[in-house]
Amino acid sequence: MLKLTIHSKFPNLETDRLILRNVGNEDIDFIYQLFSNEKVCEFLYDEELYTTRNEAIEFVESYSNPEVVGFNRWILVEKSTNQQLGTCG
């Protein structure tokens, strides 16, 4: 069953196994780890390989106010482990 958290145009979403939540400062290290991985970036069309943590900070800042820019990125989190798995949006 899909559960929505209604607090903005881009709500957090929840399924039986996953939480899709808006990107936040707590995700900077995960974003850096993800987008500095050559194998991951090989399959992405919208992200260049990150070489500095500052690029991850800029990424998080760019998605900090999705209502203004009109688009969003969610962090996919596995409920049972609370592990960040990836992004979508």
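Along the sequence shown, the residues carry numbers beginning at 1.
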Participant: Would one find more than 12 heavy atoms of other residues, nucleotides or ligands at under 6.0 Å from atom CD of Gln33?
Facilitator: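 Open.
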Participant: Suppose the criterion is ring pair (Phe, Tyr, Trp, His ring centres under 6.0 Å): which pairs have a residue in residues 65-89, not counting sequence neighbours?
Facilitator: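 Those involving residues 65-89 are Tyr63-Phe71.
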Participant: Ile75 vs Ile31, test: side chain to side chain contact (heavy atoms under 4.5 Å, CB included). Steps then yes/no.
Facilitator: CA-CA 9 Å; Ile75 298 290; Ile31 293 294; 3.8 Å; yes
Participant: Enumerate the salt bridge (Lys or Arg N to Asp or Glu O under 4.0 Å) contacts for residues 76-89, please, sequence neighbours excluded, ordered by first and then second residue.
Facilitator: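 Checked against salt bridge (Lys or Arg N to Asp or Glu O under 4.0 Å) - neighbours excluded - the pairs reaching residues 76-89 are Glu14-Lys79.
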Participant: How would you list, by chain and number, every residue that makes a ring-ring contact (aromatic ring centres under 6.0 Å, His included) with Phe35, sequence neighbours excluded?
Facilitator: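 In terms of ring-ring contact (aromatic ring centres under 6.0 Å, His included), with neighbours along the sequence ignored, Phe35 is linked to Tyr50, Phe59.
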Participant: What residues, two or more places apart in sequence or in another chain, satisfy side-chain contact (heavy atoms from CB on, under 4.5 Å) together with Asn65?
Facilitator: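 Per chain and number, Asn65 pairs via side-chain contact (heavy atoms from CB on, under 4.5 Å) with Glu67, Val68.
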Participant: Please list, chain by chain and in numerical order, all residues satisfying side-chain contact (heavy atoms from CB on, under 4.5 Å) with Leu49, sequence neighbours excluded.
Facilitator: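 Residues passing side-chain contact (heavy atoms from CB on, under 4.5 Å) with Leu49: Glu38, Cys41.
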Participant: Measuring from Thr52:OG1 to Ile57:CD1, what's the distance to the nearest 0.5 Å?
Facilitator: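 Here the rounded value is 8.0 Å.
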Participant: Taking it one step at a time, do Asn25 and Glu61 satisfy side chain to side chain contact (heavy atoms under 4.5 Å, CB included)?
Facilitator: CA-CA 8 Å; Asn25 288 335; Glu61 288 173 353; 5.6 Å; no
Participant: Does the side chain of Arg53 reach to within under 4.5 Å of the side chain of Asp29, using non-hydrogen atoms?
Facilitator: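 Contact flag for Arg53/Asp29 side chains = yes.
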Participant: I need the Asn54 CG to Tyr32 OH distance, nearest 0.5 Å.
Facilitator: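 With rounding to 0.5 Å, CG (Asn54) is 10.5 Å from OH (Tyr32).
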Participant: Let me check something: any side-chain donor-acceptor pairs from residues 82-89 under 3.5 Å, sequence neighbours excluded? List them with distances.
Facilitator:
unit_1	atom_1	unit_2	atom_2	d
Gln84	NE2	Asp27	OD1	2.7
Thr87	OG1	Arg73	NE	3.1
Thr87	OG1	Arg73	NH2	3.4

